[in-house]
S.K.: 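My structure is below; once you've seen it, I'll send some questions.
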Amino acid sequence: MDFNDSPDEAAYREKARVWLAENAAAHRAEHGEPGPTTPEHMAAAKAWQARKAAAGYACITWPAAFGGGGGTPIQSVIFGQEEAKAGVSYGYFTIGLGMCVPTVMAFGDDATKQRFVSPAVKGDEIWCQLFSEPAGGSDVAALRTRAVRDGDEWVINGQKVWTTGAHYSDYGIVLVRTDPDVPKHKGLTMFWIDMRDPAVERRPIHQMSGGRDFNEVYFTDLRIKDSQRLGAVGEGWKVALVTLMNERLAVGGSAGPDYRQVMELARGLPGAQGPALKDQAFRETLADWYVNSQGLKYTRFRTMTALSRGQTPGPESSIGKIISANQLQDLANTAVEAQDEYGVLTDPALAPMEAAFQQSLMWAPGLRIAGGTDEILKNIIAERVLGLPGDVRVDKDVAFKDMPTGR
Ligand SMILES: Cc1cc2nc3c(=O)[nH]c(=O)nc-3n(C[C@H](O)[C@H](O)[C@H](O)COP(=O)(O)OP(=O)(O)OC[C@H]3O[C@@H](n4cnc5c(N)ncnc54)[C@H](O)[C@@H]3O)c2cc1C
């Protein structure tokens with residue numbers, strides 16, 4: 001493991017810092033800091049993405065011919081770290097640029113790539129990922145949305161759920177069943193679709209945080225062209241694995257307060273004998289979080305060293321999400337409980353630290369599910385890192401139409 005930037009990496013970091021200092025200030029002067037989910041917030045996000053694209057800082061590893069930066073994975077990580085410090089970041093493009101458009105680049109024909117990649121890099125168009133369904137989440141290959149061929153077209157019927165950003169997305173990649181007569185992984189096909197087609201209905205899901213990030217999406221006789229297919233008919237699982245591999249890298253660690261913010265909070269909170277920070281049990285919990293945070297930091301260094309050497313991080317990067325998402329939930333729980341009756345306040349103007357812990361408490365359970373639940377990630381670590389025997393998969397060779405459904 002190497003903890004230091006190489007001379008080239010240090011030079012890139014410095015260049016990125018200078019660019020960010022100048023451009024983040026100019027961006028803020030122009031757009032201010034609009035509240036989340038407002039049209040102004042979206043406009044600011046698109047403008048920031050366009051600014052990065054013009055300077056080669058959007059999609060740093062992608063070819064310049066597609067509007068990318070033509071850089072290396074480690075440069076992309078370095079820019080991401082510096083951008084987080086500059087405090088300008090918007091989540092609208094994470095799924096599209098992190099998962100959907102890389103899938104289009106890997107499996108789309110030339111015309112499709114020419115049409116879609118560059119507008120996505122510049123932030124002109126936003127994409128969403130339509131995989132999960134009521135009957136197919138962790139086991140996404142169990143999905144039931146059907147596509148039936150009709151000449152040069154396909155007709156799609158069914159329902160997706162938990163589709164992040166479907167309500168503001170222009171396009172999406174959708175995994176559907178095209179052959180129910182073969183085992184579940186073999187009868188899937190991937191397509192791209194226009195989210196504004198009238199046969200696509202988007203219904204927002206309201207979250208306990210007050211946010212509306214996800215949607216149910218219904219397809220009623222949605223007609224699409226065969227040229228919208230990504231990969232061969234029946235090869236959708238192979239295509240989905242490329243998307244999901246990118247998802248593991250894109251979801252990464254957790255954003256939110258860490259043990260340092262809890263320490264700061266505990267200094268001002270009354271405990272049994274003086275500030276809560278003096279409480280022995282509280283201090284032990286803080287020490288555990290500190291130890292975990294150090295473990296996470298060095299695991300990330302290991303990933304960065306692999307990237308710096310031109311290697312691809314392996315399934316061990318799943319460890320980071322399990323630890324950080326669970327720690328975020330635990331930390332938010334403890335901090336909200338320590339605030340006693342004030343813990344119920346969720347108004348940023350009233351709650352300590354602008355309600356950062358209350359927000360994390362409501363967000364952390366989702367983080368433990370998105371991009372693979374704790375249990376699924378533990379299965380991955382058990383099988384692919386530790387070499388333990390595989391999970392029981394009794395329906396692997398059964399034709400999809402013969403799988404028991406409970407009906
Ligand atoms: C914040 C967030 C954003 C999301 N965004 C999207 C999106 O944009 N697009 C999209 O398609 N989906 C999205 N999802 C859905 C997400 O992919 C699924 O919720 C996830 O895959 C789990 O599926 P499920 O909810 O159906 O739970 P299930 O798969 O039904 O799991 C239920 C429980 O059973 C456990 N379990 C399941 N299988 C096993 C097993 N083999 N071994 C042990 N335990 C098991 C799980 O760990 C879980 O505790 C999002 C979810 C969240 C929380």
Side-chain angles (χ1 to χ4, degrees), residues 91-103 126-145 158-169 171-176 184-185 188 190-193 195 200 202-209 211-219 236-237 239-241 243-248 250-256 318 321-322 324-326 328-329 359-384 388-396 405-406:
Y92 300 109
F93 309 102
T94 312
I95 290 180
L97 299 177
M99 295 167 233
C100 307
V101 183
T103 310
I126 302 182
W127 287 66
C128 62
Q129 177 203 3
L130 301 133
F131 284 17
S132 304
E133 297 187 8
S138 300
D139 184 13
V140 74
L143 61 82
R144 302 191 157 265
T145 294
Q159 185 208 339
K160 297 287 172 181
V161 71
W162 312 124
T163 318
T164 306
H167 50 307
Y168 52 70
S169 289
Y171 298 97
I173 56 171
V174 63
L175 189 61
V176 292
K184 61 181 180 181
H185 290 96
L188 302 170
M190 186 85 81
F191 296 93
W192 66 261
I193 59 167
M195 291 300 290
V200 178
R202 306 175 248 193
R203 294 189 197 164
I205 297 173
H206 300 185
Q207 295 149 237
M208 64 175 165
S209 61
R212 293 181 186 191
D213 299 325
F214 317 107
N215 301 264
E216 294 179 305
V217 179
Y218 292 82
F219 308 110
W237 184 245
V239 182
L241 286 182
T243 317
L244 295 174
M245 245 166 54
N246 281 305
E247 179 169 29
R248 298 272 136 80
V251 171
S254 72
S318 300
K321 190 174 94 78
I322 295 186
S324 58
N326 278 276
L328 185 69
Q329 188 168 11
Q359 284 302 322
S360 292
L361 188 69
M362 290 186 274
W363 161 241
L367 193 63
R368 290 181 54 198
I369 298 170
T373 64
D374 287 359
E375 289 77 16
I376 295 302
L377 296 184
K378 281 182 187 166
N379 278 349
I380 291 174
I381 293 165
E383 292 175 23
R384 297 203 222 142
L388 296 174
D391 196 9
V392 181
R393 295 181 175 98
V394 285
D395 54 5
K396 211 169 69 186
T405 62

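Counting starts at 1 for both ligands and their atoms, in listed order. Any value given below was found using the heavy atoms of this structure, including those in side chains, with hydrogens, waters and symmetry copies removed.
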S.K.: Look at atom 52 (C) of ligand 1 and find which of Ala370, Gly371, Gly172 reaches it with the closest heavy atom.
M.R.: Ala370
S.K.: Could you tell me, atom by atom, which parts of ligand 1 come under 4.0 Å of a heavy atom of Asp391?
M.R.: 40 (C), 41 (N), 42 (N)
S.K.: Closest heavy-atom contact between Phe131 and Met190?
M.R.: CZ-CE, 3.5 Å
S.K.: Quick test of your reading of the structure: of Val140, Thr164, Thr243, whose heavy atom lies closest to atom 5 (N) of ligand 1?
M.R.: Thr164
S.K.: When only distance counts, is Phe131 in polar contact with ligand 1, meaning an N/O pair under 3.5 Å?
M.R.: yes
S.K.: Below 3.5 angstrom, do we get any N/O pair linking Ser138 and ligand 1?
M.R.: yes
S.K.: Roughly how far apart are Asn326 CG and Arg368 CZ, rounded to 0.5 Å?
M.R.: 4.0 Å
S.K.: If we count only N and O atoms by modelled type, under 3.5 Å, do the side chains of Gln129 and Thr243 hold a donor and an acceptor together?
M.R.: no
S.K.: For ligand 1, which atoms, with element, lie under 4.0 Å from some heavy atom of Ile369?
M.R.: 19 (O), 20 (C), 22 (C), 53 (C)
S.K.: With nothing but distance in play, are any N or O atoms of Trp162 less than 3.5 Å from an N or O of ligand 1?
M.R.: yes
S.K.: Is there at least one pair of N or O atoms, one from Gln129 and one from ligand 1, spaced under 3.5 Å apart?
M.R.: yes
S.K.: Between Trp127 and Met195, does a side chain to side chain contact (heavy atoms under 4.5 Å, CB included) hold up when you go through it step by step?
M.R.: CA-CA 9 Å; Trp127 287 66; Met195 291 300 290; over 6 Å; no
S.K.: Please determine whether the number of non-hydrogen atoms from other residues, nucleotides or ligands lying under 6.0 Å from atom CH2 of Trp162 exceeds 12.
M.R.: no
